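Some notes on the structure that comes next.
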Amino acid sequence: MVTENLKQVEEKIQKACERAGRKREDVTLIAVSKTKPVEMMREAMEAGIVTFGENKVQEMLSKQETLTEPLQWHLIGHLQRNKVRSIVGKTARIHSVDSLRLARQIQSEFEKQGKTADILVEVNVAGEESKFGFAPEETEQALREMALLPNIHVRGLMTIAPFVENPEENRVHFRNLNKLLVDINSKNIDNINMDELSMGMTGDYETAIEEGATWVRVGTGIFGSRIYL
Ligand SMILES: *Cc1c(COP(=O)(O)O)cnc(C)c1O
């Protein structure tokens with residue numbers, strides 16, 4: 001099932017890139033494997049996937065003990081400050097930096113181990129109560145403060161768009177996140193030069209690619225629906 005699903009997702013990604021006049025290699029598919037067993041991840045690896053997304057630190061670390069192949073692990077879920085120490089050196093990106101307190105904790109723990117964290121700043125594009133992330137209008141100020149943290153490298157912006165039936169409804173949010181990135185880059189803030197946009201999930205990744213996503217995070221579309229116990 002995973003192999004067949006991946007084939008379909010790949011085709012859709014390619015078509016979306018064509019429609020948008022973008023190069024396929026400018027978009028990377030993150031296979032979101034949260035709650036799914038390592039056997040299914042192996043199936044994805046056999047189909048060529050090396051980039052996985054997890055939202056829980058403990059689950060990611062325990063899967064890393066089993067899957068020792070050279071993989072790229074992305075932490076995509078809300079990160080608690082007391083978990084930061086345990087992920088130093090364990091992730092390619094932290095997608096979900098949603099507060100300055102968290103950024104400062106990342107700074108201090110990565111500094112202690114002589115490492116730099118590649119992060120994305122989470123933006124709550126639709127102002128949903130239930131979502132983490134900075135409001136669009138407070139993002140620039142937050143970035144100005146993160147720019148002063150020497151062990152943090154802000155690579156771009158990330159959002160979790162609203163759950164909608166029709167992905168077209170999220171186009172405006174993806175477009176706005178892209179605009180926000182371009183706008184902040186144009187201010188030439190020292191240490192801030194972003195080129196990554198993490199946006200789009202199973203329901204709306206094609207639209208996100210049309211609007212400039214460089215990372216799409218697809219779980220259900222690859223591994224099937226999740227059962228939370
Ligand atoms: C679970 C999750 C995804 C994947 O969601 P699907 O709808 O299953 O593709 C993407 N991003 C984040 C932050 C998630 O927590």
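All values reported here derive from a predicted model rather than from experimental measurement. For ligands, and for the atoms within them, numbers begin at 1 and follow the listed sequence.
Close contacts of ligand 1 with Thr220, meaning ligand atoms under 4.0 Å from a residue heavy atom, involve 6 (P), 7 (O), 8 (O), 9 (O). Short contacts between ligand 1 and Arg217, defined as distances under 4.0 Å to a heavy atom of the residue, involve ligand atoms 4 (C), 9 (O), 10 (C), 11 (N), 12 (C), 13 (C). Close contacts between ligand 1 and Val218 involve ligand atoms 9 (O) [criterion: under 4.0 Å to a heavy atom].
Within the 4.5 Å cutoff, the side chain of Gln64 has no heavy atoms near those of the Glu54 side chain. Looking at heavy atoms from C-beta onward, Ile94 lies out of side-chain contact with His74 at the 4.5 angstrom threshold. Between Arg93 and Trp73 there is no side-chain heavy-atom pair separated by less than 4.5 Å.
The aromatic rings of His78 and Phe132 sit parallel, their planes meeting at an angle under 30°, below the 60° perpendicular limit.
Nearest heavy atoms, Ser96 versus Leu75: OG-O, 3.9 Å.
Looking only at distances, a side-chain donor or acceptor of Lys63 sits under 3.5 Å from a matching main-chain atom of Ser33. Between the side chain of Thr202 and the backbone N or O of Val218, no donor-acceptor pair lies under 3.5 Å.
For Asn55, no nitrogen or oxygen atom sits less than 3.5 Å from a nitrogen or oxygen atom of ligand 1, counting backbone and side chain alike. Considering backbone and side-chain atoms together, Gly219 places an N or O closer than 3.5 Å to an N or O of ligand 1.
At a heavy-atom distance under 4.0 Å, no atom of His95 approaches ligand 1.
Protein heavy atom nearest atom 15 (O) of ligand 1, with residue, atom name and distance: Lys34 NZ, 2.6 Å. For atom 9 (O) of ligand 1, the nearest protein heavy atom (residue, atom name, distance) is Thr202 OG1, 2.5 Å. Nearest protein heavy-atom contact of atom 12 (C) of ligand 1 is Ile76 CD1, 3.5 Å. Among protein heavy atoms, the minimum distance from atom 5 (O) of ligand 1 is reached at Met201 CE, 3.4 Å.
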